[in-house]
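Below is one structure, written out as structure tokens; the observations come after it.
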Amino acid sequence: MGKVYVFDHPLIQHKLTFIRKKDTGTKEFREITNEIAGLMMFEITRHLPLREVEVETPVETATCKTIAGKKLGIVPILRAGLGMVDGILDMIPAAKVGHVGLYRDPQTLMPVEYYVKLPKDVSEREMIVVDPMLATGGSAIEAINVLKRDGAKNIKLMCLVAAPEGVEKMQEAHPDIDIYLAALDEKLNEKGYIIPGLGDAGDRLFGTK
Ligand code: PRP
Ligand code: URA
């Protein structure tokens, strides 16, 4: 069964409070979402293996460390996942970025796929699917289906806010996937919104309704 990690770092929790507030406007919401994504990435990459390399400093030869092993790929779920990409790339500028376009049908709440473009070598990369919201879980489950179909073997899911219902569905559908969150909220309401949540992440990021 995949593990669920909720990052309780004070900076992440503090920033999350700002984007939950309904009065936080688009500009701030966008900036802070990226900041949280960057901080979460910092924690998620803690396990990355290092190898030793020799470099010439201006003074002498030094044995230093550099990241070894698997390369990373980021896959934002369109649209709202886009709001996390810049913050992640600030931490890992060389990461490849794939895109999976899905929207939730407002009546059925089922994900509808409209765009997929992934890096060539997903099977050799550690792929991190990113979306601010894990509600019913349908969108993230489908995005991971798409990645697995393309050969990805090492996948993580990173969301800002999740509902327990979505986490459970994800664990049933993809028991091999670890989930990284800034908050695990109380429940879903009858319209499939996370309670207390932060509203519609895509609309708040892009100023739409
Ligand atoms: C939101 C959110 C997730 C999805 C979560 O996207 O960004 O992708 O809903 O809900 P689920 O877990 O029940 O699938 P939305 O469908 O509103 O599209 P958008 O990102 O284009 O706004
Ligand atoms: N999608 C969102 O953007 N917010 C929710 O609360 C649920 C799904």
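One-based numbering along the sequence shown. In each ligand, atom 1 is the first atom listed, and ligand 1 is the first ligand listed.
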For ligand 1, find out whether one of its N or O atoms is nearer than 3.5 Å to an N or O atom of [X].
X      : result
Gly137 : yes
Arg79  : yes
Ala135 : yes

Sub-4.0 Å atoms of ligand 2 with respect to non-hydrogen atoms of [X]:
X      : value
Arg104 : 7 (C), 8 (C)
Ala135 : 7 (C), 8 (C)
Gly192 : 7 (C)

Heavy atom to [atom], shortest distance: which of [options] holds it?
atom                    : options                        : answer
atom 13 (O) of ligand 1 : Leu109, Thr136, Val130, Leu188 : Thr136
atom 20 (O) of ligand 1 : Gly101, Gly202, Ala80, Gly81   : Ala80
atom 4 (N) of ligand 2  : Gly199, Gly197, Ala201         : Gly199
atom 18 (O) of ligand 1 : Val100, Ile141, Leu102         : Leu102

Identify the protein heavy atom lying closest to [atom], giving its residue, its atom name and the separation to 0.1 Å.
atom                    : result
atom 15 (P) of ligand 1 : Arg104 N, 4.2 Å
atom 4 (C) of ligand 1  : Ser139 OG, 3.5 Å
atom 5 (C) of ligand 1  : Met133 O, 3.6 Å
atom 17 (O) of ligand 1 : Asp200 OD2, 4.0 Å
atom 7 (O) of ligand 1  : Asp131 OD1, 2.9 Å

Open item on the list: Applying side chain to side chain contact (heavy atoms under 4.5 Å, CB included) to Ile36 and Met84, what does each step give before you reach the verdict?
Closed with: CA-CA 8 Å; Ile36 297 173; Met84 300 166 75; over 6 Å; no

Task: Asp203 bridged to Arg79 by N-O distance under 4.0 Å - done: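 Yes, Asp203 and Arg79 are salt-bridged.
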
- [ ] In plain terms, say whether Lys96 and Asp121 are close enough for a salt bridge, that is, a side-chain N and a carboxylate O under 4.0 Å apart.
- [x]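 Salt bridge flag = no for Asp121 with Lys96.
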
Counting N and O atoms only, with roles assigned by atom type, does the side chain of [X] sit under 3.5 Å from a partner on the main chain of [Y], one being a donor and the other an acceptor?
X      : Y      : value
Asp178 : Lys156 : no
Glu142 : Glu113 : no
Arg51  : Lys65  : no
Asn154 : Glu126 : no
Arg204 : Thr24  : yes

Task: Ligand-residue contact atoms, ligand 1 with Tyr103, heavy atoms, under 4.0 Å - done: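 Per the distance check, 16 (O).
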
Open item on the list: Exactly one of Val167, Ile179, Ile194 should register a side-chain contact (heavy atoms from CB on, under 4.5 Å) with Leu184. Which one does?
Closed with: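 Result for side-chain contact (heavy atoms from CB on, under 4.5 Å) with Leu184: Val167.
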
Open item on the list: Under 4.0 Å from atom 1 (C) of ligand 1, can you find at least one protein heavy atom?
Closed with: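 Protein heavy atom within 4.0 Å of atom 1 (C) of ligand 1: absent.
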
Open item on the list: Evaluate Ile194 for polar contact with ligand 2, using N/O atom pairs at a separation under 3.5 Å.
Closed with: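 Yes, there is a polar N/O contact under 3.5 Å.
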
Open item on the list: How about NZ on Lys148, more than 12 heavy atoms from neighbouring residues, nucleotides or ligands closer than 6.0 Å, or not?
Closed with: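 It does: Lys148 NZ has more than 12 such atoms within range.
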
Open item on the list: Using 0.5 Å steps for rounding, measure from the CG atom of Asn34 to the CD1 atom of Ile88.
Closed with: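 One gets 8.0 Å once the value is rounded to the nearest 0.5 Å.
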
Task: Arg204 near ligand 2 by a heavy-atom separation under 4.0 Å - done: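 In this structure, Arg204 fails to qualify as a contact of ligand 2 - no heavy atom is under 4.0 Å.
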
Task: Joint cluster assignment, Tyr193 & Leu181, ILVMFWY side-chain distance < 4.5 Å - done: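 Different hydrophobic clusters.
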
